[in-house]
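Just so you know, ligand 1 is whichever comes first in the structure, and atom 1 is the first atom listed for that ligand. In this text, all values refer to a predicted model and were calculated from it rather than measured experimentally.
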Amino acid sequence: MDFNEQRLRTALQGKSIGEPLYFFPVIKSTNFQAFRLADEGAPEGTVVIADCQTGGRGRMKREWFSPPAVNLYASIILRPAFPAALSSPLTIMAGVAVASALQFYCPGRVRLKWPNDVLIGSRKVSGILTEIKTSDRNVEFVILGIGLNINIKRDDFEPQLGQGATSLREEIGSPVSRVEVTGLIFDEIGKHYQLVGARGMEGIRELWRDYSGLTGKNVEITFGGEISRGTVAGIDDTGALIIREESGSERRIIAGDVAMIRG
Ligand code: BTN
């Protein structure tokens, strides 16, 4: 198996993201473990990677399908030196960074669905779960949890994921080195994290716009049983989606599932 602790350690050596590395053949959730390590004082750049998760978590309390030997499940500890209110761009940043890494494999076909689902064509290949611990309006740490379908075959997805999910292997037609993709993703995260640190959302807004293709589109956002509709005007400095409603008023959306609608 090309995906083991030693190979990962060699591939991540010297990178700003990836040291120290904690590798687990099986774990409940890398996010859960990273949160615990961060609480105990683990430094920025610490990474937890697992070959398999027994309780992988997704956004909105969903499960994240995490079988062994095929995918990437990773959580990164960041300790940004900016106030809690400015930490949301990190969620957008992570999506942009993963999309940039996947461009290498599927040029021109990678898209972002707000806030940070990464799609190839119209199917989801990666999801990101951000968890933040704050104290006194400052960020203590941020956990960026990344799930990426790399070599899983379409027939092996859980039936409920149906046609909505894909993997790099399915899109390219041949298996991909999980160690290589992991290195690329961590490089891109290191690079885009610096951009956000230096220029906030301005550092990544255009990239987000290019990958998302949502600006100017009519969308429907579902959150907690409520549906909002409007035309996407962009994202603001906190990473919230701005939509213009039919009435002409603008609305900030901070969470939800976005679907494009016709008309
Ligand atoms: C989503 O719902 O799209 C976000 C999915 C995030 C899954 C990753 S896998 C690694 C990390 N550990 C978890 O338990 N969740 C995240």
Side-chain angles (χ1 to χ4, degrees), residues 3 8 12 17-18 21-39 42 46-78 88 90-99 101-102 110-120 122-133 141-152 157-158 160-168 178-179 181-182 185-186 188-189 208 211-212 221-224 239 241 254-259:
F3 197 70
L8 280 166
L12 302 181
I17 307 287
L21 163 72
Y22 293 81
F23 178 82
F24 296 87
V26 184
I27 200 171
K28 186 173 171 201
S29 156
T30 55
N31 258 39
F32 186 81
Q33 183 67 19
F35 205 98
R36 196 152 69 189
L37 287 166
D39 243 349
T46 300
V47 163
V48 179
I49 298 180
D51 185 51
C52 166
Q53 295 184 122
T54 54
R57 299 183 295 182
R59 286 174 57 235
M60 319 243 245
K61 301 203 166 81
R62 293 174 186 142
E63 279 175 26
W64 185 258
F65 184 50
S66 309
V70 279
N71 296 330
L72 172 66
Y73 317 110
S75 300
I76 298 166
I77 298 175
L78 298 179
S88 309
L90 293 180
T91 300
I92 303 291
M93 178 283 286
V96 168
V98 172
L102 299 191
V110 182
R111 289 184 39 228
L112 278 175
K113 185 172 161 216
W114 184 88
N116 53 10
D117 284 355
V118 186
L119 316 184
I120 298 180
S122 57
R123 295 190 166 114
K124 179 163 169 172
V125 71
S126 174
I128 294 155
L129 179 66
T130 314
E131 297 182 276
I132 299 181
K133 183 167 180 190
F141 58 79
V142 176
I143 307 296
L144 288 184
I146 300 166
L148 172 65
N149 298 329
I150 300 181
N151 287 324
I152 184 168
F157 280 120
E158 282 186 315
Q160 65 264 34
L161 293 174
Q163 294 301 304
T166 193
S167 68
L168 279 181
R178 285 190 288 161
V179 171
V181 189
T182 306
I185 286 182
F186 289 2
E188 292 297 329
I189 290 196
W208 177 82
Y211 283 124
S212 92
I221 296 122
T222 314
F223 183 62
L241 190 71
I254 57 167
D257 282 325
V258 179

Nearest-option assignment for [atom], heavy atoms, candidates [options]:
atom: atom 5 (C) of ligand 1; options: Trp64, Phe35, Phe32; value: Trp64
atom: atom 13 (C) of ligand 1; options: Lys28, Glu131, Gln53; value: Gln53
atom: atom 2 (O) of ligand 1; options: Met60, Lys61, Arg59; value: Arg59

*For ligand 1, is there an N or O atom under 3.5 Å from any N or O atom of Tyr73?*
no
_Would Lys124 count as a contact residue for ligand 1, given that I'm defining contact as a non-hydrogen atom of the residue lying under 4.0 Å from a ligand atom?_
yes
*Sub-4.0 Å atoms of ligand 1 with respect to non-hydrogen atoms of Asp117*: 3 (O)
*Heavy-atom contacts with Gly56 under 4.0 Å: which atoms of ligand 1 show up? List them by number with element.*
14 (O)
*asked:* I'd like to know whether OH of Tyr22 has more than 12 heavy-atom contacts from other residues, nucleotides or ligands below 6.0 angstrom.
replied: no
*Partner of Thr46 under side chain to side chain contact (heavy atoms under 4.5 Å, CB included), chosen from Ile77, Ile143, Ile76*: Ile77
*asked:* Testing the 3.5 Å rule here: is there a donor-acceptor pair between the side chains of Thr222 and Asp257?
replied: no
*Look at the aromatic rings of Phe65 and Phe157 and report parallel, tilted or perpendicular, splitting at 30° and 60°.*
tilted
*Could you walk me through whether Met93 and Leu90 pass the side chain to side chain contact (heavy atoms under 4.5 Å, CB included) check?*
CA-CA 5 Å; Met93 178 283 286; Leu90 293 180; 4.0 Å; yes
